[in-house]
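In what follows, a structure is listed as structure tokens, so that the remarks can point back to it.
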Number of protein chains: 2
Amino acid sequence: MREGPDIARIASLVGDPARANMLNALMGGTALTASELALEAGVSLPTASSHLSKLMEGGLLTLASQGRHRYYGLASAQVAGMIEAIIGVAEAVGPKRVRPGPRDAAMRVARVCYDHLAGEQAVAMLDRLFDRKLLLREDNEIRLSPSGASHFSALGIDTHAKARRPVCRACLDWSVRRSHLAGTLGAAILDKIIAEKWARREKDSRAVVFSPTGRQAFERVFLS
Amino acid sequence: MREGPDIARIASLVGDPARANMLNALMGGTALTASELALEAGVSLPTASSHLSKLMEGGLLTLASQGRHRYYGLASAQVAGMIEAIIGVAEAVGPKRVRPGPRDAAMRVARVCYDHLAGEQAVAMLDRLFDRKLLLREDNEIRLSPSGASHFSALGIDTHAKARRPVCRACLDWSVRRSHLAGTLGAAILDKIIAEKWARREKDSRAVVFSPTGRQAFERVFLS
DNA sequence: GTGATGCTTCGACCGCGGTCGAAGCATCAC
DNA sequence: GTGATGCTTCGACCGCGGTCGAAGCATCAC
């Protein structure tokens with residue numbers, strides 16, 4: 001018996017198959033309606049609605065109403081990071097799959113984690129941003145250096161904090177088991193990658209697939 | 001409906017109050033017996049035993065039999081990291097506690113995370129080890145540099161890999177939301193801190209409290 | 001061998017929470 | 001206004017899983 005944060009409550013929210021499927025679907029970063037999430041989870045609309053209200057009450061989701069459409073999304077990158085951590089353990093202890101499959105390999109290279117890039121490319125990128133001193137580790141935070149601020153501005157990437165969200169944040173990568181970049185800067189970089197058409201989102205997957213020229217451009221800008 | 005790692009199964013293992021209490025107790029790194037864990041969880045011995053077999057089957061625990069005593073411990077630093085991530089979300093979405101209390105503050109400064117140090121001090125230490133190039137980020141891993149190897153050897157810290165466990169690993173800190181050092185090196189450093197009596201473990205808590213001189217010694221060796 | 005200790009297994013109980021059909025509510029188009 | 005769409009609420013059902021006492025099993029001390 002101990003007080004402290006109610007970890008059982010949070011874990012049990014993720015611990016139902018229908019809710020886990022919904023959260024997994026939302027890891028792609030796109031907000032979805034109750035009908036879409038019911039389909040993802042394989043349950044009826046009333047059941048999905050009941051799950052969604054539980055996830056809302058637990059603080060794991062946000063809701064944006066647009067007319068008669070109601071879009072559910074993950075509450076934060078922190079929630080996404082927790083789900084990544086659970087996926088990591090599930091992968092590690094789960095039955096070894098015979099062949100990981102091409103989609104799985106693509107996910108390890110680059111994928112969406114809520115609103116930012118994850119995978120080997122993302123971890124390598126954060127390492128290089130530190131090496132080039134565009135980002136600094138300081139006072140237990142990741143901070144944008146002056147040269148980093150001008151670097152990203154020159155690329156047309158907005159580096160200003162929005163609504164209480166930090167610019168830079170670390171997020172643990174389940175496939176690499178190292179940190180990648182989250183926060184508004186992480187989200188802005190992913191936006192740029194997609195906007196520049198350096199990479200495209202795989203349909204019905206979190207995988208991010210770079211084109212040959214897009215990969216070169218990405219590496220020149222972020223990995224050089 | 002989707003295939004993939006069974007995250008609901010792992011999360012539901014953590015999602016029961018009794019099991020969550022047990023896992024929380026094991027975050028201190030000390031392996032405990034079924035009776036001790038039953039006490040922690042506030043359930044009877046038969047109930048605790050049933051929970052423990054479920055956690056074992058799910059791959060979250062390891063078991064070491066010593067005569068008629070059976071010691072349960074967390075299966076890996078990865079499992080510990082997942083629990084830290086869940087704690088982080090529970091803290092963030094949970095009711096804001098009126099006064100965090102001194103023990104809570106001490107936990108944020110330094111605490112045990114399974115077998116290694118976590119908290120502000122641990123995050124600062126990993127940053128400095130990178131700055132001093134004793135550790136290197138390379139190929140999506142953390143590697144010990146040659147100078148790092150001789151540095152730690154000189155301190156009497158064994159830096160050899162043991163039984164398929166990596167020497168260096170990142171683990172996300174729930175209070176700082178940045179990486180600290182896990183792996184055999186992370187464990188060896190915590191061992192040294194305790195062995196040198198630079199700090200002591202708080203009873204019935206994960207907090208690690210440095211003595212004034214111990215803190216100076218730690219900062220001289222790892223934060224300078 | 002005998003008795004003690006530590007834990008697991010068995011069996012029975014029970015209630016929490018997931019489930020969906022039907023009804024209700026809100027917003028839309030026209 | 002009327003009908004359609006999208007979602008939530010209500011109500012009833014049901015079964016999974018948590019619970020513990022009693023019994024059983026394994027290892028210890030002597």
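In what follows, every chain begins at residue 1, and chains take the letters A, B, ... in the order their sequences are listed.
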How close or far is atom [atom2] of [N] from atom [atom1] of [X], stated in whole angstroms?
| X | N | atom1 | atom2 | answer |
| --- | --- | --- | --- | --- |
| A:Asp16 | C:dC16 | CG | C1' | 13 Å |
| B:Met22 | D:dG18 | CE | C1' | 12 Å |
| B:Leu13 | D:dG17 | CG | P | 11 Å |
| A:Arg9 | C:dG17 | CZ | P | 11 Å |
| A:Leu32 | D:dG6 | CG | P | 15 Å |
| B:His69 | C:dT5 | NE2 | C1' | 8 Å |

According to the interplanar angle, ranging from 0 to 90°, do the rings of A:Phe210 and A:Phe218 count as parallel (below 30°), tilted (30 to 60°) or perpendicular (above 60°)?
tilted

With B:Thr47, which of B:Ser49, B:Ser44, B:Ser50 fulfils side chain to side chain donor-acceptor pair (under 3.5 Å)?
B:Ser44

Note every stem involving DNA chain D: at least three consecutive Watson-Crick or G-U wobble pairs, i with j then i+1 with j-1, with both distances under 3.5 Å.
C:1-30 with D:1-30

Checking A:Trp198 against A:Lys192 for the side chain to side chain contact (heavy atoms under 4.5 Å, CB included) test, could you report, in this order, the C-alpha distance in whole Å, the side-chain angles of both residues, the deciding distance, and whether it holds?
CA-CA 9 Å; A:Trp198 291 346; A:Lys192 178 169 180 80; 4.0 Å; yes

Respond yes when some side-chain nitrogen or oxygen of A:His51 is under 4.0 Å from OP1 or OP2 of C:dT19, and no when none is.
yes

Tell me whether the side-chain N/O atoms of A:Lys54 come closer than 4.0 Å to OP1 or OP2 in C:dG18.
yes

Testing B:Glu84, B:Glu202, B:Glu120 one by one against B:Arg111 for a salt bridge (charged side-chain N to carboxylate O under 4.0 Å, His left out), which residue passes?
B:Glu84

Are there any protein N/O atoms within less than 3.5 Å of an N/O atom in nucleotides 8-12 of chain C, and if so, which ones and at what distance?
unit_1: C:dT8; atom_1: OP1; unit_2: B:Arg70; atom_2: NH1; d: 3.4
unit_1: C:dT8; atom_1: OP1; unit_2: B:Tyr72; atom_2: OH; d: 2.4
unit_1: C:dT8; atom_1: OP2; unit_2: B:Ser49; atom_2: OG; d: 2.7
unit_1: C:dT8; atom_1: O5'; unit_2: B:Ser49; atom_2: OG; d: 3.0

A:Glu57, CD: over 12 other non-hydrogen atoms inside 6.0 angstrom:
no

Of the options B:Leu32, B:Leu45, B:Asn21, which is the one that meets B:Leu37 in a side-chain contact (heavy atoms from CB on, under 4.5 Å)?
B:Leu32

